Amino acid sequence: MVEKNTPALEFWQRLNRNRLSTVGLLMLGLIFVLCLITPWLPLPDPDATDLANRLKTPLTSNHLLGTDELGRDLLSRLLWGTRVSLVVGFVATLAAALVGSLIGLVSGYFQGWIDSGLMRGVDTLMAFPYMLLALAIVAAFGPGLLNALFAIAIVNVPFFARTVRGATISLVQREFVLAARLGGASHFGVLWRELLPNILPVIVVTISTTAGWMILETAGLSFLGLGAQPPTADLGSMLGEGRKLLFTAPHVSTLPGLVILILVISLNLLGDGVRDVLDPRLRGGALRSPQPRTEVLSAELGSAQVRSTEKLVIRNLTTELFQQGQAKPLVRNVDFELRPGECLGLVGESGCGKSVTALSLAALAASPPLRIASGTVELDGEDILRLPLRLLQDIRGKRVSYIFQDPLTTLNPVLTIGEQLIQVIRRHQSLSSRASYTEALHLLSRVRIPSPETRMKAYPHQLSGGMRQRVCIAIALANRPEVLIADEPTTALDVTIQAEILSLLNDLRKTTLKDSQTGKKTGLSVLFITHDLGVVSTICEKVAVMYAGQIVEFGETKSILESPQHPYTQALLACTPRLGAKHKVLGGIPGTPPPPGSYPSGCGFLDRCKVASVKCQDPVHLMQLSSNRQVRCVLKQGANA
Amino acid sequence: MLRYTIHRLLLTIPVLVGISVVVFLIMALIPGDPATAILGAFATPENATKLRAELGLDRPLIEQYFTWAGNLLSGDFGRSYALNRPVLDELLERLGPTLLLAGSAMCVCVLLGLIAGLLAAVKQYTWVDQGLTLFTLIGISAPSFWLGLMAVSLFTVQLGWLPASGMYTPYGDESLGDLLVHLLMPAVTLGLVASSVIARLTRTSMLEQLRQDYVRTARAKGERETAVVIRHAFRNALVGLIPVLGLQAGFVLGGAVYIETVFQWPGIGRMLVNAISTRDILLVQGGVMMVATIYVFFNLLADLIQHALDPRIQHSHG
Amino acid sequence: MPEPLLQFDRVTKEFDLYKNWFGKTSKRFRAVNEVTWQVEPGAALGIVGESGCGKSTMARMAVGLELPTSGEIRFAGKTLDKWLKEEALLLRQSVQMVFQDPSASLNPRQRIREILELQLQRLTDFRAEQRMQRMKEVLEQVQLPLVALDRYPHEFSGGQAQRISIARALISKPRLLLLDEPVSALDVSVQAQILLLLEEMRKELGVTYVFISHDLAVVEQLCPSVLVMYAGSIVESGPTNQLFQQRNHPYTDLLIRSVPVPGKSLELKSEEMANLENSQGCAFRNRCSKANQQCSQAPILKEVSGSMGGHECACHYPLSEAA
Amino acid sequence: MLKKQIRVMLLLSFLLLSFGLTIQAATPKDVLVVAQIAEPKSMDPATVTAVNDFRILMNVYDGLVRYRSGTLEVEPGLAESWTISDDGKVYTFSLRQGIKFHDGSPFNAEAVKFNFDRMLVKDHPYAETGPFPLSFFFSAIKETTVVDEYTVRFRMDDPYAPLLSNLAYPTGLIISPEAVKKHGKDVGRNPAGTGPYQFREWKSNQHVILDRNGSYWDGQAGLKSVVFRPITDANTRVAEMLSGGIDMMVEVPPDNVATFSSNTSYALHEQAGPHLWFLILNLKEGPLQDKRVRQALNYAINKQALVENVLQNTATVASGPTPAAFSWAYNDALQPYPYDPAKARELVKAAGAEGATLTFYVTEGGSGMLDPVPMGTAIQADLKAIGLNVKIETYEWNTFLGKVNPGLEGKADMAEMAWMTNDPDTLPFLALRTSAWPDQGGFNSGYYSNPQVDELLEQARVSTSQTVRAALYKEMQRIVHDDAPWVFVANWKQNAVTGSNVQNFRLEPSFLLLLHKVSKN
């Protein structure tokens, strides 16, 4: 149970995080307050004409902003006019939102012929040039604010209908809607209790982003003389009336134009903020795109450390989540090394930091919000974390390459397999396009893809999951890397496909070992990340078990599986179901793992551990049990000491 | 693809029929009629009734609709009451200027919008981003007709750089340069608002794409950042933006009503505004049908382009 | 033998893939292909198979969310159509479902209290205090504290959320519970908790389970009998122990051999590649090393020779006979 | 890569801008570019009603007679001379000889007959090319006869005094019958007249171009070409004038008049004309049935302020129903109602109409309507000052006409209106007589009825003596002034601005634009 904020409070907190939207809110608030108190302000009657004092420029006595062509006080008219424009704009927005959302909701929920019927209607409205529709409506019903409002509302119904329909369709097949239907909910019940509350944010976002637009459109109609009737002022009609004085008394039209501008800007700023908060895609703060490389704090160099002869050496790696000035470590002081030709399994449950570790190795962890707080990653003795970007890019995909979990999202959906393969080949090798094509074909057949020529032209979505992952492997191996980092490469696959991929990886690893013609003692080193102990045992020689951002146990696969030392490893093995095993899994591990970023300073497993003691609240170090065996547990500390 | 195209074309039929009904109904609802408009200030009820009968406006609405729709299908748009010439002639004469204006505005919109959005996304939270964000914010917040007025005031009256109105210099050589000079201000004013919308969407869309897994893959492959941004993220963002561009085409066509009025551009939008006020029913109906058809066509085009760009969508699926 | 609680009788479900311009279907996809099975009251039946094999479609048909294209589904002896027409409310009370993704199956905008209470309001005529009573009861059964009532779904971890889903399903005291991959989105340590909870509740409440999963080991834990599905058809069925130890269908064999088990390395010929393109006959023949001409005719499900009863297999060349 | 693109874009836009700099707006020599207020509807004189269209037509066509420059009196045009029978029922015109239409066909009596028969004879083969909304100007003509090739005769059942001045009106312009026969309904886009300029090109919403008619009977025109550009937006017209894109604009917005009059690069032209801007009052129902309230309105509205401030002296205060421009028929003894709110309040009080609410139809614009919205708003404010609440409803011009012309009964108490006429008879005859109530096909939308006025107008219409007619009209004005069926507000002084290089231009009281003698340096 993570937070205990009411949604409303959370909404305001998040909204205020966006500076600009706060500005918008303040500006809008100011305008609102001014409009509310206008009747009590010491202003002249906005409709009182005074022909002798017409077209006074701003800052003349008695008229702060001057007067219009009939000598009416502009400030007073602006304030009263803003009132009118605001009311019309908002009421029109609400009316459009109400009708449009209803259409969208019904259309998206029932689908079928109701949907096609309603949507053709909406298409019809949309295809109608919007301003002409408004003009025609006003022409038909006569000018006047109410009719202008009506016209603007009608014209904007399609936007709401479409947006809400889209949102509804994406929700209708969601399981909670199915659950409600299984719970015997009526159509109305589903629409009202299940769908509407979830679509409300969409509606609010659409309202907030279109309100400004609606005010502009209302002004547009008034500008054409179809809005407020004289002497009532609204911003658009003031602008329209002042237009003919543009060259003689520019302030008469410039001022209402500016007020519209400010009003709509503040509405849009607020709308942006609201959208950022409510749009599920933008959840988790502002939408920040990850930079080309993870931010690395401190130019620390492992000068004191002895340069290792291992292929890849990770020392003291700490990656943290940095948001709103707070740093929460996700990976804590991780140390391990990878020998040439070796396959190391990194095992742990979701949220234990294993993927962040993997991504940090080539500075690929999304930054912001992640950053590497300390540590080094040495490839053949060179700290690649602190290389200049261009040099780092030369290493990525050539010496260190990756395979990720979901092959559908990790491949570029709009490029063919061939394009994506050739890209990576030509990026790192100076090959002609013909040679790189041949090379790509060769790679595809190496990962045992049948009829590679036709697959080269295929797009990712046209391949099955297993095929896609083979393509990813081909891409990863394209430039004969020294280190392959496989981040849950089989998790999204069916078990038979998983088996195929695992054996393929195994074979490839062995062939690359034989491949090494250069004389150097090399071979593909693999870091294999998974949550499945079964998978680890099929492919890895060594295993590191992670929990709460730390490595809690490290050793040869066999010895870890046979005699786990850490209570967590023990419990994990115990609750892993095994096919055909005589024993049944009992109970699992009580409680849940600590959520990422809120790891305790002591042993992360403390709360769930059966043998925990007071000592476990202090930080625990990784103990060397034997040359090839480490564990992080106070019990072992005692045993060893 | 052909199958899909035909399917989409067939889908537009009910929309066009719907539009024809709506435009017909609205024009029937509008008080005042071509008779009063033709007779002008001298329209007495008696004269008007007589003229109405001559024009066939006293027949039942349904009959009028079917006569009109039937003629429309055979390419006969009828005759404008106010202009006293075939509607089709008038429409065709104005179609070119409108398409030119809308087309250039779309170019401005696409070019400015995509580039600004792309830049803002890539330079997120730098001064470039903030500057562009502010600029586009003003772009979507300023009334386009007001912008047009201000532009005329500045570039024509104050600076004398650009002509205030029209499509060619009267009695001039009607050269391309002359056209461009006249086109610049209206096209930019019209395209600016649309481009602001596109820029904002491009920015959001790019930011979203840059967070996708395949971008991480591209980086893991060692791709240079330019390639990551353009070849990977932007291409994908574009797929989602194409339909929006189609919608913007509609917006631009709608906005042309103002801009054509402010800049006296001899296009359909301005003609329609006049035609509505002169109750030139057949002209309005024909014009709206034409604009709507263009809009539907733009959307169709956007759809087809999206299909071409996005291999994921099944072509034959309705 | 008691009357089966749920029966599938030659049930087929097809989906339209493409429609032509006149709305007529030009290509269809057969998700479930003439399956027949049943489950007795109080039993727990596991259904295993890879993604896309039609097991979820079957679950949705079993609860009446989808209607079969042909064939008949009977619940307690009466066809489902009839239930839906005449006694839908009673059916809803009696048959409930737990979905795979706990976060998606709870309405994010409703507090747990609302989620549970709505279910009770819709399915029972309980008064407010009765409803409260029942909510307390069911929360206790799924081992959640009472304070959970005033929280929103996002405030819970995956395991806790799945407990709430189970609570919602159980609140109307159903006779049949369809569990559609209820633990596959969970971590191993949490998965074990939920499995244990499900097992206990079955013993305690006597609810019948139909448990759908792609994970053989999980099915083995919970279900005494099991169906193996491949491409919409049942390829093998029978008592779990017997079926896993004496697998007869080559697909079952492949499935079992593919499961990585800690401490055991995989022995796989990597040439066995998935290729789901098939039209007629045995769906598995393209992946099967033993396939020949005869396999282009669809095999029927028949008793495995020498089984102790109930072990059936749909294969022209079952492994036990080859041996 | 991105940076490169930006650089290219900047360069491009810079090029475009500097290109713009080189093409400084300037109109060609010997070509006059005139900004019109709207797109013309047609160039067929028989079918159009708008002053905007007349401005072009007057330069393409000639009528049998025309207004003498600077007056509203007729002088010979295509007809060299004419005779009127003593009973005033037969007009015989002898035509100028040797004149050809622009399309080469000859101008003769047949052509004249064709023109009038087309409008007036129902089964004329070219009656289809109508409608002819202003044909009622000539509806008194019962028969047109070709006496010989150059003599034509009109016969009427009753005398009709305004006929000559109606013939000088643009509806009486003579179009080439051959052109009508050739183009049918489309002749409006393919005009051929006899005027000083001949039609060259019409591009919708862009321009109408006229070229000099090299063989004009009254001497060659001063310009090689005239370009009429429709610029509906007054502001844009001003901008074009200021930036040198046009040589001449008409109907300068009042507030811009000063801009041009104070600048020596421009010449401002002003000319009072037969125009009246007034309020129709509803005499059938409500407080305005009471003459005192109607007079009160006349007193309450500060016409001087309206004319000076809102209209910036582009109009003068109107005194009665007949504009002063009809000098021979105008009763100069009449004084405008003075601005006297106190008296107005008194009258309203006497009539017991204090606090009454009046519905006021205001239009957004329209022919001769002179800033109708600000005017209406200012009037509203004036009436508020004497305790009358005015509720404004604005309508776009055609809707407005559709509402006002059928009569105000049941809808409104007052409505703005403006008329420009060519004869003192027209306005009162069409809008003040009892038998001109809307249900009888007239424009008396306020239902004014005074038998005395009816009698005076009937007499004036059939009298052939201008002196007699003048006396009758003067008497009529006195009565109407007192009855106050309208609020008489303003007579427009039409204006136009030209560049200072435009020579020999003057505005006509007829509000028509004659460019025959104009030249440009």
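Here the structure is a predicted model, which is why all the values come from computation and not from measurement. Chain identifiers are assigned alphabetically (A, B, ...) following the order of the sequence lines, protein sequences preceding nucleic acid strands; residue numbering begins at 1 within each chain.
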Go through it in stages, so that I can follow the logic: the residues are D/Lys41 and D/Asp53, the test is salt bridge (charged side-chain N to carboxylate O under 4.0 Å, His left out), and I'd like the CA-CA distance, side-chain angles, deciding distance and then a yes or no.
CA-CA 7 Å; D/Lys41 286 190 163 62; D/Asp53 300 3; 5.8 Å; no
Only pairs of heavy atoms separated by less than 4.5 Å count here; which of [options] has the most with chain B?
{"options": "D/Ser204, D/Ser42, D/Ala239", "value": "D/Ser204"}
{"options": "D/Ile231, D/Thr47, D/Leu242", "value": "D/Ile231"}
{"options": "D/Thr236, D/Thr129, D/Val33", "value": "D/Thr236"}
{"options": "D/Thr232, D/Val187, D/Asp233", "value": "D/Thr232"}

Considering residues at least two apart in sequence or located in another chain, which fulfil the salt bridge (charged side-chain N to carboxylate O under 4.0 Å, His left out) criterion with D/Asp44?
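With neighbours one apart ignored, the set is D/Arg118.
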How would you list, by chain and number, every residue that makes a salt bridge (charged side-chain N to carboxylate O under 4.0 Å, His left out) with B/Arg85, sequence neighbours excluded?
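Here the qualifying residues are B/Glu90, B/Glu93.
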Region of D/Asp186 that comes under 4.5 Å of a non-hydrogen atom in chain B
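The answer is both parts of D/Asp186.
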Segment of D/Glu201 engaging chain B (4.5 angstrom heavy-atom cut-off):
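D/Glu201 has no heavy atom closer than 4.5 Å to chain B.
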Taking only Lys NZ, Arg NE, NH1 and NH2, and the carboxylate oxygens of Asp or Glu, determine whether B/Asp129 and B/Lys123 approach each other closer than 4.0 Å.
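Salt bridge: no.
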Let's test your reading of the structure: which of B/Arg79, B/Met167, B/Met271 forms the most heavy-atom pairs below 4.5 Å with chain D?
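Sorted descending by pairs with chain D, the first entry is B/Arg79.
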In Å and rounded to the nearest 0.5 Å, what is the NZ to CD distance from D/Lys403 to D/Glu393?
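Result: 7.0 Å between the selected atoms.
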B/Val188 versus chain D, the contacting section by heavy-atom distance below 4.5 Å:
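Neither the backbone nor the side chain of B/Val188 comes within 4.5 Å of chain D.
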Do B/His232 and B/Gln209 have side-chain heavy atoms sitting under 4.5 Å apart?
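Side-chain contact under 4.5 Å: no.
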